[in-house]
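What follows is a set of notes on a single structure, which appears directly below.
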Amino acid sequence: MLIFEQSQKNRSATVQYPRAISQKMDIPKALLRQDEPLLPEVSELEVVRHYTRLSRKNFSIDTQFYPLGSCTMKYNPRGVHRLAFLEGFLNHHPLSLDSQSQGFMSCTYELQEILKAVTGMKGVSLTPMAGAQGEFAGVAMIRAYHQARGDVARDEIIVPDAAHGTNPASAVQCGYKVKEIPTGADGNINMEALRAAVGPQTAGIMLTNPSTLGVFEQKIKEMSEIVHKAGGLLYYDGANLNAILGKVRPGDMGFDVMHINLHKTFATPHGGGGPGGGPVAVGERLVPYLPIPMVTKQGGTYRWLTEEDCPDTIGRLSAFMGNGGIILRALMYARLLGKQGMHRVAEFATLNANYILAKLRTAGFTPAYPTRRASHEFIITLKQEAKELHITALDVAKRLLDYGFHAPTMYFPLLVPECLLIEPTETESKQVLDRFVDAMVQILQEAKDNPDLLRSAPHTLPVKRLDEVKAARELDLVYRAC
Amino acid sequence: MLIFEQSQKNRSATVQYPRAISQKMDIPKALLRQDEPLLPEVSELEVVRHYTRLSRKNFSIDTQFYPLGSCTMKYNPRGVHRLAFLEGFLNHHPLSLDSQSQGFMSCTYELQEILKAVTGMKGVSLTPMAGAQGEFAGVAMIRAYHQARGDVARDEIIVPDAAHGTNPASAVQCGYKVKEIPTGADGNINMEALRAAVGPQTAGIMLTNPSTLGVFEQKIKEMSEIVHKAGGLLYYDGANLNAILGKVRPGDMGFDVMHINLHKTFATPHGGGGPGGGPVAVGERLVPYLPIPMVTKQGGTYRWLTEEDCPDTIGRLSAFMGNGGIILRALMYARLLGKQGMHRVAEFATLNANYILAKLRTAGFTPAYPTRRASHEFIITLKQEAKELHITALDVAKRLLDYGFHAPTMYFPLLVPECLLIEPTETESKQVLDRFVDAMVQILQEAKDNPDLLRSAPHTLPVKRLDEVKAARELDLVYRAC
Amino acid sequence: MPFIPHTEKDIKDMLSTIGVAKIEDLFDEIPANLRIKELPAIPEGLTEMELARLMRERAEQDLSALCFIGAGAYEHHIPAAVWEVTSRGEFLTAYTPYQAEASQGTLQLLYEYQTMMASLMALDVSNASLYDGASALAEAILMAVRANRQTKSQRILIPQTVHPHYRHVVKTIVGQQGIEIVEVPFDPKTGTTTLAILQKMAGEAAAFVIPQPNFFGALEDVDALTDWAHQQKALVIGVVNPLAMSLLKAPGEWGQTGADIACGEGQPLGVPLASGGPYYGFLCCKKDIVRQLPGRIVGRTVDTDGKQGFVLTLQAREQHIRRAKATSNICTNQGLLVTASTIYMSLMGPKGLKRIAEACYHAAHELREKVKTIPGVEVAFTGPSFHEMVLRLPKPVDAVLDELAKYRIQGGLSLQKTYPQIENGLLVCATETKTSQDINEYVEKLKLALNHASHASHNEKKTVTIKAEGV
Amino acid sequence: MPFIPHTEKDIKDMLSTIGVAKIEDLFDEIPANLRIKELPAIPEGLTEMELARLMRERAEQDLSALCFIGAGAYEHHIPAAVWEVTSRGEFLTAYTPYQAEASQGTLQLLYEYQTMMASLMALDVSNASLYDGASALAEAILMAVRANRQTKSQRILIPQTVHPHYRHVVKTIVGQQGIEIVEVPFDPKTGTTTLAILQKMAGEAAAFVIPQPNFFGALEDVDALTDWAHQQKALVIGVVNPLAMSLLKAPGEWGQTGADIACGEGQPLGVPLASGGPYYGFLCCKKDIVRQLPGRIVGRTVDTDGKQGFVLTLQAREQHIRRAKATSNICTNQGLLVTASTIYMSLMGPKGLKRIAEACYHAAHELREKVKTIPGVEVAFTGPSFHEMVLRLPKPVDAVLDELAKYRIQGGLSLQKTYPQIENGLLVCATETKTSQDINEYVEKLKLALNHASHASHNEKKTVTIKAEGV
Ligand SMILES: Cc1ncc(COP(=O)(O)O)c(C=O)c1O
Ligand SMILES: Cc1ncc(COP(=O)(O)O)c(C=O)c1O
């Protein structure tokens, strides 16, 4: 039932209203609203009950194993969430004087420093509000760099075919054309294609490493030389940073600029779609272009850096300083891990991924890159099962839900047919992974014995398989009272 | 799966540990523990996931209509709960100096005053930790009163047969014998029986009004005269105070002492069994005997009253001052209601109960007291259905769970056969009540068409009907690792 | 090992299943010369107890007693139920609802949100959120350029009464695509955009932005502005305070045919100030341009049993499908804040929301009347306003704010840098959270501050030039 | 109408269904002369916003910087996850799990709790909670009197090293039933109960209570005391700090055959100080006396499909079945606190709990060593202790505490009234929450306080005599 269907004219949760004031207002009638917006009129109990019940229809990390590849669904520490709700942080206005914001600014500054350390970069701005905005900022900095040098003919960004959709979309949003290059059968980028692609038109290349295929691009140093030689810069998509945290640094690989997904690697909650955090980190050359504001420390006090300090900045990306509460949470998580904990993230994320891969392989599943080590994630392809048993990756994914596991990422990267991208993260135990593998094995058996069970899955959720085509064709995007 | 079954030797949530200290301790070995207790060794994620999932197996006010008679399952305001977690309250030690406790004490004092006002009594102590402890305190005060007057032969407490089990149990815990008196067919106490029961042995009588039968004892003034004349005192079981809040006061009815269930009338959360709050309120005569501590106000500052101030007190009932956090929550709820909101509680609780009663009656259900107005709750009896259709109140209750409603209280009061005691509370909407009645009607139809559906209910819960006999016979009260 | 559950035995078993001797071997595809051994710059790990203590100390530094700053982020009462429910693990720790059947909670909530927000804007559809108000305005402009079928103009008109940071963000984002941004000056008497000024700006434009209330808290003549813009073939983008729309005419009702797009900052609807975020941007539009709307959109559909259910829809607009041709690069949005807002709006309902808007209005107007009595303090603009206003002080604003800070009062936002033409301009806000007592306190302390503040504009910050010193 | 959802239309429809004209008519069975019209003494209703402000102000009054009071309520680090999960609506707003099938969450949790607590006590069974530690001790004594088959004695021995408030509560509750309570004095050197003293108390008794650690923080010789008590045919009741039992020998292991019953305050296991409650009492015992155990007990069973499930069991002991013959009158218990404790114990595990106990020990001993260096300050007792100790000060304790309060330090509990024989006795506690810095701060401020405190015992409170003035 929709909340609107519970609404009763003139019902209200008055204890939440401010007291009524009978004085007149001097606003001309033409500027006033005449009708009431369609908001529900319900009691506080009805609201609490409705949304509590709705929440129970979700899968989440707190209730299920959620091996969604590329999304790093690790445990989101509750302590961190709770501490972000301290009144001093929660009721603090973003435009307070610096002298009244030292607490928050010290956190911001520390996170900048920590991210410099883990990325091997020279400058960090925390303002981008998610990975994609970080990408935008990064590419905009690449552009600003070339323009500052009068190198204005560069109008192309190179993107591997395995890249996440935000990479080309971000490049375009910065006014670039996108050139795609193919991946080889081993999961590495085709070096010939790269060499052929670069040229005086190349502004830069966007990569992740390990790539979205779950394998480490071994010739990264060579690639960086190729691109740099051509005058381009290298962008690192930090969505996969969890795989290498404390083990390898993008700065050392030759990248000039990158973003970090705080909501992945730094364990801030995904919130059913967001918020995220997409700080950008840059090498020496791009430091002047970092988006503002940033925090600097001068003699024990913190101060916001703005356009006056950073005349070459690409500018602001948000009204204030980005997702402040996410910055706080990420900093707290980093402080909990500390130097000893940081590299364990990559180690155990990798251990978990390789463990599932090994077990699935033994059970008869086909890895997309069988010759490769898994990074923190890996791909299996159900191409063969699709052909022989007429079931799809989608069917397997939906059936997994019945077993109480969230499905892996499906059909991404696009170049691998019928693929599932599986990322367990470091916070799951061997026992959970074993149960997941058991479910996969059982589903494979079901695919043989009773494929309809898969095709009509899920069976145990609040709804059965939903008609997405109808949704897109007969748009029903808002409720209308009848 | 039990949390113990997820345990792995040496797994831990170390971020919660204090740092290890290698120094030696000077405790003799004989005083030290040698083995490890059977606590699970699990990660923080496992803990959060396990108990989050467990919680989802509960019905609760926040997720279901919960018309559990005698329990007053009304909305528990979230604001109140949250404010009780303010650091100043949460980290405050109960034995702090008075000068460091003025905030908490002002709340305590205010609640004492508010409870005096709503009960019409002269003194209040908040220290009892639930209704039953309030009863104990009340009866102990009755005893202290008689003893102080040298009236030591009184060794009996009169209790109606409809009384809650805590009433006789509390009387016994105070060293009294219990004399039961019967209820008439109209739900009122049999006055002849009462007259016959009182005498020089009568220490007092324990009553609720409206009674647990959901009807108002109309001759309460007469009863109070009878008991008082015999030298006894009247105890009011405040579990049903919701029915009369702001409409009638026990003090005005002639009661000498009573408890209030804060976790019912004052909307503090029931917590899956507790905590509660059972303040006692007394008339003039019993004020000296109130349990300690209480708060008094002297020239703008608050002070704990202890045995030095109250030489005749029955004493302490808890290590500190009772359930402080519940006192806070009740006070906040009372402040939200205010003088205007207080009597609406009784009005709408009564409206809701009478509304369901009217609709159920129309639908063919049998009220236990058909000639009577419902108070905030009422009883239907399924005696006839039991006889004709061979289904029980238990079957109906279990079947209601399948419809997403918590069952009413079953088989209480004991004197009404196959009864359901239904208490909707004032915070439920007409629409919810309508859906509940629809479910009852449908179940009645199922009882005729397919009674096995009821007998084997519930069908949609995490478990089917549980074997209570086996549980009591083959005691399995703790998990043992094998 | 914080948050890592592996026991020694687990590790051994897992390594042997994989067939390697040690964890380090799993990194054998990574060139050895790239590997690092330690991160010396990172501090030692803390326990949660230690962290809690540290954070308490820091949070305490930022506590103030009374805050009168608005400027795009507003202090409101947020019912406890909002975040109690929003913080449930099932909302907090879910991902974007790609697996619809396992995400009906979030999806239905978003559908309800879309309904509420579209209705609040009097428009047909809403997306499921963008990052914040400023970036939403940038997206709205990009959308308008794509959607405008009447003109090929790449010219955008933005009044200077739009939040300076919003204009800045628009420049950063929209500027990359060669779109021309023209700023419209304001009438120095009313602090609003007038037709008289616009006359000089006539000509085709892709879009015209109308703030309501504007940055100064003043109310724009939205009907006239909308009709004027439509005459220039521009699409009209309202950038509005959503809470105020319970009281003020909503974008869809502006002028003859209504604004085409509405966007803004969702923060006033149940999102705490939180030092600046996470907030969320909302974006609504007319039905006919829904395919240009960026961001997630939820649609209602049915399952194989014909039962109602919800899915992400129109995904062909999005980057994960359309890649370089997507309407936007946005992926992760601000879902949790929308969750809070939806619960907030449900609790308040149409009447509660309006009551709050009225209370804000009255608090601000009480403040206005009372500060006016201070000698030398003037209200900068005439005309109707909502819950914010610009004051002109007789002393340098920064100095006065520093004085007020001594009383733990955040006195407002200095406009010295952003609007130097308003001499000693101070933007002040009062919402429903401010009682008469608070306002009196403000006025009294402002008097004292004005007495104590020096006449010289002090507080000049030393700037760092990034090129020279690095961040 | 706060929390009441009824619209005018609902009310009209409902009244007409019932067949009355107005709500007032529903009260027509109540004699008119008993009805009241208003409650003038009750303040006006507040909005949640107003309430929040009021409560913030009050809570702030009670904040202190450092607390060194223990005495039965202990400050510990509580992982945020504990109350985040405990506060979920499904735990918070459920009733006692009478409908087992709809309460498997609470029931399984309680079964897990019983397992943990029984194991921590090294006993066979646990109930699902009592009100608090003090009332649990009273119930334990009543239980022992019922359960003791070896003697008909109604005599109970309680050392004076048991918390004075616990002894007081025992007197209040147990005293009603004519049970004789004999207090056992302590050795003034060790602050513990010794066999030498007990010799004078020999004779049959129903129960003997052994605190561990005792009220002074000192460790009792539990083995010797248990064996002595068993010789007197007494059942042995351990009243212990459950957290300490991760480090110290648990009641079930005391002496030759172990204590028979263990009880105490559950607060140290994940329950905040919260001004004194709600906490919870735990109660464990040997299997053979389980039928005398008061309170709820959960048992594991199966459903009609043979699937594991949990129910309240042995209900025939309880008041709702057995009424006047029940083992106790307890009905509502402290379920939510047990929920928190179960989650806390799960997070900590056996090793974490022990680590905390050790950290407490070390903090207290660091404090002990450091305060000893202050001239005139003495540690009152010799012998091993846990995380609390009695100091003897050279000045009146109350005056010193008032001085310490000026530095926002809660310096400990004065023993002047409860143990006048310990001159200027101060009970001080340090847990794992106290760093070396905190301890140094305490010592430093204690020195200053001792300098400033007057020699005269001031702070005499004016008592009120209730009979005269009323409360
Ligand atoms: C590989 C990759 N790149 C970029 C992104 C975009 O990050 P965000 O969603 O934070 O904008 C994602 C997010 O899913 C990703 O997986
Ligand atoms: C009528 C009645 N009396 C007394 C009690 C006992 O109150 P408590 O459970 O708070 O001890 C109850 C509780 O269910 C009750 O319903």
Side-chain angles (χ1 to χ4, degrees), chain B residues 16-18 27 36-39 41 47 54-55 57-62 79 83 86 88 90 92-94 103-104 117 123 129-130 132 165 168-170 174 178 269 271-276 308-310 315-316 319-320 323-325 338-339 355 358 429-430 461 463-464 466 471 476 478-479, chain D residues 5 10 14 18 41-42 45 48 55 58-59 61-63 69 79 88-90 92-94 96 101-102 104-106 115 119-120 131 134 168 172 176 272 274-278 299-301 303-304 309 313 319-320 323-324 326 329 332-336 346 349-350 355 359 432 463-464 466 471:
Chain B
Q16 303 301 349
Y17 292 13
I27 302 177
E36 273 186 1
L38 181 59
L39 304 182
E41 300 186 69
V47 173
L54 273 194
S55 77
K57 297 184 175 182
N58 276 359
F59 277 31
S60 66
I61 302 175
D62 276 10
L83 291 170
L86 285 169
L90 209 66
H92 180 243
H93 196 284
F104 175 70
M129 290 177 283
S170 298
C174 286
V178 170
E308 295 163 52
D309 309 282
C310 312
R316 285 186 179 272
F320 304 107
N323 285 333
K339 72 168 80 179
Y355 177 69
S429 69
K430 173 177 180 292
L461 276 85
V463 289
K464 295 201 167 173
L466 289 162
D476 175 358
V478 298
Y479 169 81
Chain D
D10 289 338
M14 293 170 82
I18 300 169
I42 297 197
E48 185 181 305
M55 287 299 143
R58 292 187 179 177
Q61 291 180 55
D62 293 2
L63 274 176
I69 315 177
R88 285 175 59 85
E90 296 96 323
L92 189 69
T93 71
T96 301
E101 298 83 358
Q104 286 298 296
T106 290
T115 304
S119 173
L120 206 49
Y131 301 130
H168 188 152
T172 306
Q176 306 288 336
S275 309
R300 180 154 65 165
T301 184
D303 73 1
T304 48
T313 193
Q319 45 73 28
H320 64 287
R323 302 176 70 85
N329 67 340
T332 291
N333 60 21
Q334 307 281 118
L336 194 69
S346 299
R355 179 87 71 85
E432 88 280 11
T463 61
V464 200
I466 281 303
V471 198

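Chain A is the first sequence line, chain B the second, and so forth, proteins listed ahead of strands; every chain is numbered from 1. None of these values were measured; they are calculated from a predicted model.
- Among the candidates B:Ala130, B:Pro269, B:Ala319, the residue making the largest number of heavy-atom pairs closer than 4.5 Å to chain D is B:Ala319.
- Residue B:Val47 touches chain D through its side chain alone, counting heavy-atom pairs closer than 4.5 Å.
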Notebook entry, point to check: When you look at B:Lys464 and D:Asp303, which way does the salt bridge (charged side-chain N to carboxylate O under 4.0 Å, His left out) test go after all the steps?
Noted result: CA-CA 5 Å; B:Lys464 295 201 167 173; D:Asp303 73 1; over 6 Å; no
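- Options D:Ser119, D:Gly349, D:Ala41, D:Ala134 differ in how many heavy-atom pairs under 4.5 Å they form with chain B, and the most are formed by D:Ser119.
- Taking chain D as the reference chain and counting heavy-atom pairs below 4.5 Å, the highest number among B:Gly274, B:Ala132, B:Ser170 is found for B:Gly274.
- Both the backbone and the side chain of D:Glu101 come within contact range of chain B, each with at least one heavy atom under 4.5 Å from a heavy atom of that chain.
- Highest contact tally toward chain D, considering only B:Gly325, B:Gly79, B:Gly165, B:Gly338, is held by B:Gly165 [criterion: heavy-atom pairs under 4.5 Å].
- Of the listed residues (D:Met55, D:His320, D:His168), the greatest number of heavy-atom pairs within a distance under 4.5 Å of chain B belongs to D:His168.
- The greatest number of non-hydrogen atom pairs below 4.5 Å with chain D, out of B:Gly273, B:Pro168, B:Ala169, B:Gly88, is found for B:Gly273.
- For a residue to count as touching a neighbouring chain, one of its non-hydrogen atoms must lie under 4.5 Å from one of that chain's; by this rule B:Val463 touches chain D with backbone and side chain alike.
- To the nearest 0.5 Å, the span separating CZ on B:Phe320 from CE on B:Met129 amounts to 10.5 Å.
- Contact count against chain B (heavy-atom pairs under 4.5 Å) is highest for D:Pro350 among D:Pro79, D:Gly309, D:Pro350, D:Ala326.
- Contacts between B:Leu83 and chain D at a heavy-atom distance below 4.5 Å involve the side chain alone, from C-beta outward.
- A distance of 9.5 Å separates OG1 in D:Thr106 from CD in D:Glu90, rounded to the nearest 0.5 Å.
- Side-chain N or O atoms of B:His92 include none that pairs as donor or acceptor with a backbone N or O of D:Asp62 at under 3.5 Å.
- Counting heavy-atom pairs under 4.5 Å between each of D:Gln61, D:Met14, D:Gln104 and chain B puts D:Met14 at the top.
- For the set D:Gly89, D:Pro272, D:Ala102, the count of heavy-atom pairs under 4.5 angstrom toward chain B peaks at D:Ala102.
- Proximity to chain B involves both the backbone and the side chain of D:Thr172, based on heavy atoms less than 4.5 angstrom apart.
- The candidate with the highest count of non-hydrogen atom pairs below 4.5 Å against chain D, out of B:Gly276, B:Gly315, B:Gly272, is B:Gly272.
- Within the 4.5 Å cutoff, side-chain heavy atoms of B:Asn323 are placed close to those of D:Gln334.
- At least one donor-acceptor pair closer than 3.5 Å links the side chain of D:Asn333 to the backbone N or O of D:Gly335.
- Taking chain D as the reference chain and counting heavy-atom pairs below 4.5 Å, the highest number among B:Leu39, B:Asn58, B:Leu461, B:Asp62 is found for B:Asn58.
- In terms of non-hydrogen atom pairs under 4.5 Å with chain B, the most contact-rich of D:Ile42, D:Thr93, D:Thr332 is D:Thr93.
- Put simply, the side chain of D:Thr115 gets close to the backbone of B:Tyr479: a donor and an acceptor are under 3.5 Å apart.
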